[in-house]
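Numbers restart at 1 for each chain; the letters A, B, ... are given by sequence-line order, proteins then strands.
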Protein chains: 2
Amino acid sequence: MDLQVNNAIKELMGKNDVRITNQRKRVLEILIENKDKHISVEEIYSLSKKKGNVIALPTIYRTMDILERIGTVIKHDFGDGAAKYEFFMKEEENHHHLICEKCGKIIEISNALQDDLDERILNENGFLCEKKQLKIYGYCKECINVLNE
Amino acid sequence: MDLQVNNAIKELMGKNDVRITNQRKRVLEILIENKDKHISVEEIYSLSKKKGNVIALPTIYRTMDILERIGTVIKHDFGDGAAKYEFFMKEEENHHHLICEKCGKIIEISNALQDDLDERILNENGFLCEKKQLKIYGYCKECINVLNE
DNA sequence: ATACCTGCAAATGCTTTGCGGATGG
DNA sequence: CCATCCGCAAAGCATTTGCAGGTAT
């Protein structure tokens with residue numbers, strides 16, 4: 001656990017004029033403890049409070065911006081008001097999300113896109129792909145059943 | 001032009017308790033006049049003003065909700081603050097967007113997803129796909145050239 | 001006639017900013 | 001020591017809501 005924090009911290013250190021502070025370490029810890037979840041700024045705030053050491057909301061927002069910029073975190077907008085963040089792990093590159101329009105559940109999937117998509121787009125449009133976000137809205141297994149009742 | 005407005009109007013009419021009003025017709029007209037663009041509520045507001053008959057912002061928001069609900073319009077969030085709307089045409093189903101992170105340009109593409117994706121997801125996840133949004137962030141042709149200078 | 005709609009003003013909710021004091025390197 | 005950071009309070013901005021009067025059917 002602490003290893004991951006330290007790795008991310010080192011990434012942070014690499015950048016100019018970005019300091020390692022207690023607040024930033026604590027945000028990272030919370031993100032790693034919730035690496036399987038999509039977590040909002042508000043939730044990070046509550047968790048920091050629960051741990052006995054509140055981090056101010058503006059500080060969390062500023063930290064998330066940095067973490068997103070250096071690629072430690074992915075920012076998602078699932079259309080429910082607040083942005084959601086996800087700790088980024090290389091193995092999970094190119095995973096995408098199914099969003100249930102009834103219950104709000106989010107399901108992760110992988111291999112939804114063709115492997116040569118980047119290449120094709122570069123050839124056909126001269127566009128260099130950096131980041132791909134596929135969101136599929138619909139109904140999950142449980143909600144389909146409820147709808148059919 | 002008016003034909004399309006009338007068609008969409010008829011769709012509106014089909015739904016219970018949804019009335020056809022001047023404001024809603026005018027919003028639809030503006031959308032159709034800009035059917036090749038991604039347009040914000042603020043822009044619809046300005047255009048209505050320019051045409052000499054302002055529509056109040058809350059009315060536009062409420063109208064967009066209805067149009068989105070009945071599928072006349074697609075709502076996009078390109079991450080620049082305000083939602084963007086696009087008049088929906090069936091032939092354009094399953095088109096997606098390349099977003100240049102430098103200049104903000106939006107390029108439309110099609111055939112980016114496999115045809116059997118919905119089916120595969122239904123089989124593998126029991127999830128019923130309704131709407132798919134693929135957004136690809138990166139750099140357009142022009143901005144790649146600028147970066148290389 | 002009545003249910004729905006509009007526009008205004010005000011509220012909401014997420015996010016950002018300015019600034020004085022605190023802190024990391 | 002000095003640039004950067006934190007937390008507070010306040011501002012910003014897109015969007016939503018309550019309500020009184022207006023309109024479609």
Measure the distance from [atom1] on [X] to [atom2] on [N] and round it to the nearest whole Å.
X	N	atom1	atom2	answer
B:Leu57	C:dC5	CG	P	19 Å
A:Arg24	C:dT23	CZ	P	15 Å
A:Asp65	D:dC5	CG	P	12 Å
B:Tyr61	D:dG18	OH	C1'	18 Å
A:Ile55	C:dT23	CD1	C1'	16 Å
B:Asp80	D:dC13	CG	P	14 Å
A:Ile44	D:dG7	CD1	P	14 Å
A:Glu42	C:dG13	CD	C1'	10 Å

**OP:** Examine A:Lys102 relative to A:Tyr139 and say whether NZ or CZ is less than 6.0 Å from the centre of the six-membered ring and inside a 45° cone about the ring axis.
**Re:**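 No.
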Original post:
Do the numbers put B:Lys84 on top of the ring of B:Phe78, so that NZ or CZ is under 6.0 Å from the six-membered ring centre and no more than 45° off the axis?
Top reply: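 That pair does not qualify as a cation-pi contact.
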Original post:
So, B:His38 and B:Glu108: side-chain donor and acceptor under 3.5 Å apart, yes or no?
Top reply: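 Present: a donor and an acceptor within the cut-off.
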According to a strict under-4.0 Å criterion, is [X] in side-chain N/O contact with OP1 or OP2 of [N]?
X	N	result
A:Gln23	D:dG7	yes
A:Thr21	D:dT4	no
A:Thr59	D:dG7	yes
B:Arg19	D:dT23	no

Original post:
Closer to the 5' end of DNA chain D via nearest nucleotide, is it B:Asn22 or B:Lys75?
Top reply: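 Nearer the 5' end of the strand: B:Lys75.
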**OP:** Establish whether the base of D:dG7 is bridged to the side chain of A:Arg62 by a donor-acceptor pair shorter than 3.5 Å.
**Re:**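 Flag set: donor-acceptor pair detected.
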Original post:
Could A:Lys132 and A:Asp118 be called an ion pair, given the rule that one side-chain N must be under 4.0 Å from one carboxylate O?
Top reply: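 Counted as a salt bridge, because a side-chain N and a carboxylate O are separated by less than 4.0 Å.
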Subject >> Spatial distance of atom CD1 (B:Ile60) from atom CZ (B:Arg24) [nearest 0.5 Å] >> reply: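 Those atoms lie 12.5 Å apart.
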Original post:
From C:dC14, D:dA14, C:dT16, pick the nucleotide closest to the side chain of A:Pro58?
Top reply: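 Ranking C:dC14, D:dA14, C:dT16 by closest atom to the A:Pro58 side chain puts C:dT16 first.
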